[in-house]
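This chain uses plain numbering: 1 for the first residue, then up along the sequence. Bear in mind the structure is a predicted one, so any value in this text is a computation, not a measurement.
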Amino acid sequence: MGDQPRIVVTVTSEGVVSAETRDVLGDGCLDYIAVLEDLLAARTVRSAYTADHDRAAAPARQEERDVERA
């Protein structure tokens with residue numbers, strides 16, 4: 001079982017807001033930009049991919065079995 005996707009929002013004492021997605025793999029993180037802009041009544045000034053962007057989803061479990069033909 002993988003980690004649950006989450007968003008970490010940080011507000012500095014100067015009022016600067018930053019957000020980072022965690023355990024959101026691939027381009028799925030891009031879907032959160034508009035949501036965050038709406039929730040925070042803000043616009044994105046700078047963005048960058050995290051290491052999760054290039055991390056692949058865990059492959060489905062696969063088993064190999066020898067089967068005799070009837």
Side-chain angles (χ1 to χ4, degrees):
M1 182 178 227
D3 294 326
Q4 292 294 317
R6 56 200 159 122
I7 300 171
V8 176
V9 178
T10 306
V11 181
T12 67
S13 59
E14 292 83 28
V16 176
V17 178
S18 64
E20 178 181 340
T21 58
R22 297 204 181 148
D23 300 314
V24 178
L25 307 182
D27 287 338
C29 60
L30 300 175
D31 297 336
Y32 290 93
I33 293 174
V35 173
L36 287 167
E37 287 179 335
D38 287 345
L39 288 172
L40 300 170
R43 68 177 177 83
T44 302
V45 175
R46 183 172 21 106
S47 67
Y49 291 117
T50 65
D52 286 337
H53 180 265
D54 295 328
R55 194 173 70 161
R61 183 175 171 200
Q62 198 171 32
E63 291 184 20
E64 236 179 84
R65 296 177 186 234
D66 291 328
V67 178
E68 291 184 29
R69 291 188 175 234

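Both Val11 and Leu40 are assigned to one and the same hydrophobic cluster, defined by single-linkage of ILVMFWY side chains at heavy-atom distances under 4.5 Å. The hydrophobic clustering, which links ILVMFWY residues whose side-chain heavy atoms are closer than 4.5 Å, places Tyr32 and Val17 together. A continuous path of Ile, Leu, Val, Met, Phe, Trp and Tyr side chains, each step under 4.5 Å between heavy atoms, connects Val24 with Ile7, placing both in one hydrophobic cluster.
Using a 4.0 Å cut-off between a side-chain N of Lys or Arg and a carboxylate O of Asp or Glu, Asp23 and Arg6 qualify as a salt bridge.
Proximity of Arg22 to Thr50: side-chain heavy atoms (C-beta onward) are nowhere separated by under 4.5 Å. The shortest side-chain heavy-atom distance between Leu30 and Tyr49 falls under the 4.5 Å cut-off.
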